[in-house]
Amino acid sequence: MDKITAIKGIKDILPSDTPVWREVELAARKTFERFGFCEIRVPIMEKTVLFQRSIGETTDIVEKEMYTFRDRDDELLTLRPEATASVIRAFIEHNLSASDPITKLYTIGPMFRRERPQKGRFRQFHQIDVEVFGDDKPASDAEVIFMLILFLNTLGLNELSLEINSLGCKSCRPQFSKAVVDFLKGSENALCPDCQRRIYTNPLRVFDCKVESCGSVISGAPQILNYLCADCDAHFSAVKSFLTDLNLTFAINPKMVRGLDYYTKTAFEVKSGALGAQNSLAGGGRYDGLVSFLGGPEVPGIGFGIGMERLIACLPPSSGTGCQTDVFIAALGDQAQKVGFRLTNELRRSGISSSMDYSGKSLKSQMKRADKLNSAFTLIIGDKEIEENRAELRNMNTKQQQSLPLDQIHGALMNIIKER
RNA sequence: GUGGGUGUAGCUCAAUUGGUCAGAGUGCCGGGUUGUGGCCCCGGAGGCUGAGGGUUCAAGUCCCUUCACUCACCCCA
């Protein structure tokens with residue numbers, strides 16, 4: 001029989017990895033909730049139009065990376081490639097702005113993009129996603145960025161680089177785009193074929209092309225920061241000064257444009273050197289026109305996404321404790337097996353984690369198993385002990401051992417374990 | 001979609017120019033030693049060397065095809 005494997009680019013998270021994931025998720029919840037964020041859980045499937053509208057028809061994500069399929073009633077559905085669209089959809093659909101003018105949400109879960117997998121890039125990957133609705137003040141931008149950095153620091157990540165930029169708004173960005181197009185047309189021949197095409201499809205993308213010649217062309221191109229309108233310019237200055245107030249070091253990267261069409265004003269990205277080519281660990285920005293563009297009220301928004309696989313790849317290896325067992329019951333002999341079976345399940349009913357091995361193997365291998373389960377205590381019951389109406393309880397760390405009368409075992413164990 | 005690299009026991013890897021090359025460590029199972037497990041000692045199971053074809057007296061080792069994994073481009077978290 002051929003064995004059935006997982007889908008390309010879609011990975012299992014094995015028991016050995018699972019503690020780190022939980023630790024990261026827990027840290028995220030704790031940090032975000034300290035900032036007043038609440039969790040929202042949105043579906044992993046949406047109508048395709050939602051993503052087409054929000055992410056942008058000409059983006060790579062929508063053009064060639066989405067898992068889209070036709071439902072049985074012919075409706076086009078797609079597995080979400082990012083979370084923002086869904087969160088906004090839910091925000092609008094349930095009219096969340098009506099009960100609170102400012103809504104702060106986070107969500108954690110899998111995203112899907114059909115790309116060629118490589119280091120730090122998978123077809124199913126996980127994001128921690130944060131969105132703020134209803135606050136267009138620069139302090140909000142700075143707060144969100146601060147929260148992101150704080151969260152990463154909490155996990156022990158300090159060697160990070162924060163880059164920010166402003167992408168302008170609907171009044172100043174078009175002028176900038178036009179200036180860029182005009183400029184690029186002037187030196188079209190020096191660009192790589194991809195970029196020559198981009199001039200007409202998505203000119204700003206030329207900025208993050210990695211081809212050397214394109215880089216040198218674009219280095220002389222107009223810069224968005226020189227085209228910002230008064231409002232955007234003031235906003236950006238205020239964000240920078242708030243970040244400085246919070247002691248955050250950042251670099252201004254005027255070439256950072258972000259791959260989703262909806263961003264306006266502040267855009268930011270956190271990179272790590274430890275990641276290889278896919279070095280962007282988190283990214284986000286403001287999207288002031290998006291909620292209304294998706295049919296909602298005129299509500300500004302800002303948010304970011306963190307790539308969990310990439311984040312975990314940067315983490316120092318140590319942390320993360322495996323599963324713990326309070327007591328392991330090693331039973332030797334048929335009578336002992338019966339007693340042990342009843343006892344281990346009684347303990348579980350009492351809220352104590354307990355395990356035993358039903359195979360009847362040697363004490364040696366049962367002790368080995370106790371080690372694997374990280375048990376704090378091992379209770380040894382043999383048929384001989386049963387005749388003497390006792391069992392031996394061994395503390396796995398101190399090796400200390402005590403004899404317990406059989407009929408008092410349950411109560412005694414409860415006390416001992418509670419004391420720990 | 002395009003390119004490079006790699007595919008040998010569950011895991012990590014060996015195997016001189018194609019010629020006892022199918023191995024080691026670790027893990028697993030059993031046994032010994034031990035104050036009833038951890039250290040140490042002995043033994044055992046496990047591989048159509050990713051798959052298919054070809055060259056050769058001889059192929060993990062060379063060639064072709066295919067698949068998988070991986071890294072990079074593209075793009076993004």
Side-chain angles (χ1 to χ4, degrees), chain A residues 2-3 5-9 11 14 16 55-56 58-66 80-84 108-130 148 152 192-195 197-198 202 205-212 214 256-260 263 268-272 275-285 303-314 328 330 332 357 359 361-375 377-382 384-385 391-397 399-401 403:
Chain A
D2 287 346
K3 66 181 166 192
T5 59
I7 301 166
K8 184 199 280 286
K11 304 256 183 217
L14 297 172
S16 53
I55 297 169
T58 63
T59 56
D60 277 23
I61 294 178
V62 171
E63 272 182 346
K64 50 192 193 196
E65 292 177 0
M66 294 204 303
R80 63 179 185 193
E82 55 112 44
T84 303
I108 301 175
M111 310 294 157
F112 304 84
R113 257 122 95 161
R114 215 206 121 92
E115 302 178 273
R116 197 79 174 267
Q118 67 185 68
K119 190 179 177 67
R121 200 176 67 187
F122 310 95
R123 290 186 175 181
Q124 175 178 326
F125 59 101
H126 296 75
Q127 268 187 322
I128 299 173
D129 184 79
V130 165
L148 170 59
L152 296 172
C192 71
D194 279 336
C195 285
R197 178 176 49 80
R198 289 192 186 108
N202 207 337
R205 293 243 60 88
V206 178
F207 276 97
D208 47 25
C209 181
K210 280 160 189 145
V211 176
E212 227 174 279
C214 297
M256 179 176 66
V257 291
R258 318 249 60 231
L260 292 79
Y263 287 113
F268 55 93
E269 210 166 302
V270 175
K271 294 182 180 175
S272 164
L275 282 174
Q278 310 304 319
N279 62 354
S280 168
L281 199 151
F304 63 77
I306 306 171
M308 290 185 78
E309 284 82 357
R310 291 182 187 180
L311 168 57
I312 285 166
C314 296
F328 182 85
L332 301 165
D357 187 332
S359 69
K361 286 181 183 161
S362 69
L363 181 59
K364 182 174 182 172
S365 37
Q366 295 203 40
M367 292 303 269
K368 235 175 170 178
R369 181 131 188 81
D371 261 357
K372 274 225 164 95
L373 293 171
N374 268 322
S375 78
F377 294 94
T378 296
L379 187 75
I380 299 159
I381 316 173
K384 186 182 69 188
E385 278 85 0
E392 294 290 328
L393 182 68
R394 163 171 274 221
N395 184 319
M396 296 294 273
N397 292 324
K399 295 188 201 169
Q400 281 175 348
Q401 201 158 307
S403 212

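Just so it is clear: chains get the letters A, B, ... in the order the sequence lines come, proteins before strands, and each one is counted from 1.
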(message) Base contacts versus sugar-phosphate-only contacts with protein, heavy atoms under 4.0 Å: please encode nucleotides 29-39 of chain B as B, S and - from 5' to 3'.
(response) -SBBB--BBB-
(message) Taking side chain to side chain contact (heavy atoms under 4.5 Å, CB included) as the definition, give me every residue that meets it alongside A/Ala370, ordered by chain and number, with sequence neighbours left out.
(response) A/Phe328, A/Ser375, A/Thr378, A/Met396
(request) Quick one: label A/Gly382 by what it contacts on the DNA or RNA (base, sugar-phosphate, nothing), any heavy atom closer than 4.0 Å. (result) nothing
(request) Determine the interatomic distance between C1' on B/rG23 and the same-named atom on B/rU66; round to the nearest Å. (result) 29 Å
(request) Apply salt bridge (Lys or Arg N to Asp or Glu O under 4.0 Å) to A/Lys64 and list each qualifying residue two or more places apart in sequence or on a separate chain. (result) A/Asp60
(request) Output all residues satisfying side-chain hydrogen bond (donor to acceptor under 3.5 Å, both in side chains) with A/Thr5, sequence neighbours left out; order by chain, then residue number. (result) none
(message) By nearest heavy atom, map A/Lys119 and A/Glu82 onto RNA chain B; which one lands nearer the 5' end?
(response) A/Lys119
(request) Give a yes/no answer on whether the side chain of A/Gln118 brings an N or O atom under 4.0 Å of OP1 or OP2 in B/rU70. (result) no
(request) Under the side-chain hydrogen bond (donor to acceptor under 3.5 Å, both in side chains) rule, collect the residues that match up with A/Asn279, sequence neighbours excluded. (result) none
(message) With a 4.0 Å limit, can you tell me whether A/Lys64 has a side-chain N or O closer than that to the phosphate oxygens OP1/OP2 of B/rG1?
(response) no
(message) Quick check on B/rG27: syn or anti? Syn means the glycosidic torsion is within 90 degrees of zero.
(response) anti
(message) Using modelled atom types and a 3.5 Å cut-off, is there a donor and acceptor pairing between side-chain atoms of A/Arg80 and backbone atoms of A/Pro110?
(response) yes
(message) List the residues meeting side-chain hydrogen bond (donor to acceptor under 3.5 Å, both in side chains) with A/Glu63, not counting sequence neighbours, and say none if there are none.
(response) none
(message) Which residues pass the side chain to side chain contact (heavy atoms under 4.5 Å, CB included) test with A/Arg114, not counting sequence neighbours?
(response) A/Tyr67, A/Arg123
(message) For B/rG60, does the O4'-C1'-N9-C4 or O4'-C1'-N1-C2 angle fall within 90° of 0, making it syn, or is it anti?
(response) syn
(message) Going by the rule side-chain hydrogen bond (donor to acceptor under 3.5 Å, both in side chains), which residues pair with A/Thr58 if we only count those two or more places apart in sequence or in a different chain?
(response) none
(request) Kindly compute the distance separating CD1 (A/Ile381) from CG (A/Leu332), expressed to the nearest 0.5 Å. (result) 9.0 Å
(request) Sticking with atom C1', work out how far B/rA15 lies from B/rC21, rounded to a whole angstrom. (result) 5 Å
(request) Please state how far atom CE in A/Met256 lies from atom C1' in B/rA77, giving the value in whole angstrom units. (result) 14 Å
(request) Determine the stems involving RNA chain B; a stem requires 3 or more consecutive pairs of the Watson-Crick or G-U wobble kind, each with both distances below 3.5 Å, and the answer is none if no such run exists. (result) B:1-7 with B:67-73, B:10-13 with B:23-26, B:28-32 with B:40-44, B:50-54 with B:62-66
